[in-house]
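Whatever order the structure lists ligands and atoms in, that order sets their numbers, starting from 1. The first residue in the sequence is number 1, and the count goes up from there.
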Amino acid sequence: MTSTAAAIATPRQKAAVSVEFDHVVKAFGPVQVLHGVSFSLEPGRVYGLLGENGAGKSTLMKILAGYEPLTSGSLRVNGHAQQFAGSRDAEALGIVLIHQEFNLAEDLGIAQNIFLGHEKKKGWLLDDAAMAREAAAALAEVGLHIDPATKVRRLIVAEKQLVEIAKALSRHARLLIMDEPTATLTPGETERLFKLIAQLRADGVTVVYISHKLDEVERVTDEVIVMRDGRFVARARTADVTRQQMANLMVGRELADLYPPRDVVALDAAPAMRVSHFTVPGWAEDASFEVRPGEILGFAGLVGAGRTELFEGLLGLRSASGRVEIHGQAVQLRNPREAAKHGLTYLSEDRKGKGLHVNFGLRQNLTLMALERYATPWLHPDAERRALAVAVKDYGIRTGDLDARASSLSGGNQQKLALAKVLQPKPKIVVLDEPTRGVDVGAKRDIYFLIQRLAREGLAVIVVSSELMELIGLCHRVAVMRAGRLVTTLDAEALTEEELIAHATGTR
Ligand SMILES: Nc1ncnc2c1ncn2[C@@H]1O[C@H](COP(=O)(O)OP(=O)(O)OP(=O)(O)O)[C@@H](O)[C@H]1O
Ligand SMILES: [Mg+2]
């Protein structure tokens, strides 16, 4: 692999970037979310920025990258106080943010997205050829081999993430902020990203790496900085702290076991759902499986293995064929609403695209799938409000304001809201696609225990996840998909990560 940084950095931008936050305060209306944060970043180092959901990591980094103004305090870059009017001001200094929530124009092509606002011109005309060429080079750097003219709408989530990274690389960043970059990536893609980070660092680029995956933070960062409740709480050389210490610093207390004890399921119980010879053309072929009441069934596989598409087909979101029985009855599920009537709900991995209506309020989002319960015959705002108060408590959703829009929640808290939403209709079977993506360790544990409790009450749970340890720790059985085929189903009790990878990659 060629040196990315060398290939894309121009001499003009070789300058190093150092940053100082000085008593940075941020308020959204009456709600203060950053309470005087002070720390500094030196060039050529990789920083892990840690903290629970809602701690203020993304907000602080949006200030640094010019997306949000600060309320008081100051930001100095290379010793000079800066008031960015927008992200282009920050980019002019080489500060680039890769957003936690994708920031792509769905109806434009990949190349158009990469050069949006930075279009290349030949005289008066757009230089499409040059943009396509450079886009292809940036995509190759992140390992995405796809036509740069492809519309973003047609990409799967992991591909969108890679486009975001390629876009940032093409902006010649000298300080690159990655907000949960690997949440949707496979181990292979993650490795490639880590190599990129190492090259950038060798070239003097400062990297801020926000992640809830502490094993990655441990591997890729030089230093960790911990925030809690909108405040700076600690910084340390990564080599000097254990993962457990990082987790404890984040939550401010000792964390107990991450996974609940595994309950025994009655293996002779009639399946809650049986799927036979199910095919989603182009994605999944001839898949057959069943899940019992009380069982937690995992789905492992590489990105592109067809897991998400299999379930999108099952919920009627893609054309598909095959037989689905729910409690012994053959059913036709033409859309998620019909599925919900049969007691089956689905948490999409695409939280922003398909999961939540981010411009709607928290209440509306929560109750959208269970409208019958709140409309008798018209909507009862009070009942909705009570339901939201309960959900906020049960799922630990952190929000300053119950009347806020979903877009005002931090990434991890949006995830908790999405989870509350699909469980709101009280389904009998639930499919959770990446349920803990972007969720902090403490909240992850809460979600695992919640899933276990629901299973105990008789819910059949399917968990699609890229986190192998999560599948092993939480599930009873794990189904493995590879290239559109369900290759095996394994008992999770004695399963190892290596074994699971071997099945997923076909080296077994
Ligand atoms: N536009 C907004 N309006 C109102 N409140 C907001 C807005 N953006 C963020 N907040 C609030 O600011 C706080 C910090 O959010 P932020 O997104 O910075 O957290 P985070 O540390 O990135 O969390 P996560 O790990 O979940 O991504 C949260 O309480 C959030 O609800
Ligand atoms: Mg965030």
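Relative to the six-membered ring of Phe449, Arg445 meets both conditions, a distance below 6.0 Å and an angle of at most 45° to the axis. A cation-pi contact links Lys26 to Phe28, judged by a cut-off of 6.0 Å to the six-membered ring centre and 45° from its axis.
Contact residues of ligand 1 (protein heavy atom closer than 4.0 angstrom to a ligand atom; sorted by chain and number): Phe28, Val33, Glu52, Asn53, Gly54, Ala55, Gly56, Lys57, Ser58, Thr59, Gln100, His212, Ser408, Leu409, Ser410, Gly411, Gly412.
No hydrogens or angles considered: a donor-acceptor pair under 3.5 Å links the side chains of Glu434 and Ser466. For the 3.5 Å distance criterion, the side chains of Tyr448 and Glu470 qualify, holding a donor opposite an acceptor. There is no side-chain donor-acceptor pair under 3.5 Å between Gln199 and Asp203.
Protein N, O or S atom count below 2.8 Å of the Mg ion (ligand 2): the structure gives 2.
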Please list every donor-acceptor pair under 3.5 Å in which a side-chain atom of residues 400-409 meets a protein atom from a residue at least two apart or in another chain.
residue, atom, partner, partner atom, Å
Asp401, OD1, Asp403, N, 2.8
Ser407, OG, Val358, O, 3.4
Ser408, OG, Arg405, O, 2.9

Can you give me every donor-acceptor pair (side chain of residues 69-77, partner residue at least two apart or in another chain, under 3.5 Å) with its distance?
residue, atom, partner, partner atom, Å
Thr71, OG1, Ala27, N, 2.9
Arg76, NH2, Glu20, OE1, 3.0

**Prompt:** Under the side-chain hydrogen bond (donor to acceptor under 3.5 Å, both in side chains) criterion, do Thr190 and Thr182 qualify, and how do the steps go?
**Reply:** CA-CA 6 Å; Thr190 301; Thr182 64; 4.8 Å; no

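Nearest heavy-atom pair, Asp179 versus Ser58, reported as atom, atom and distance to 0.1 Å: OD2-OG, 2.5 Å.
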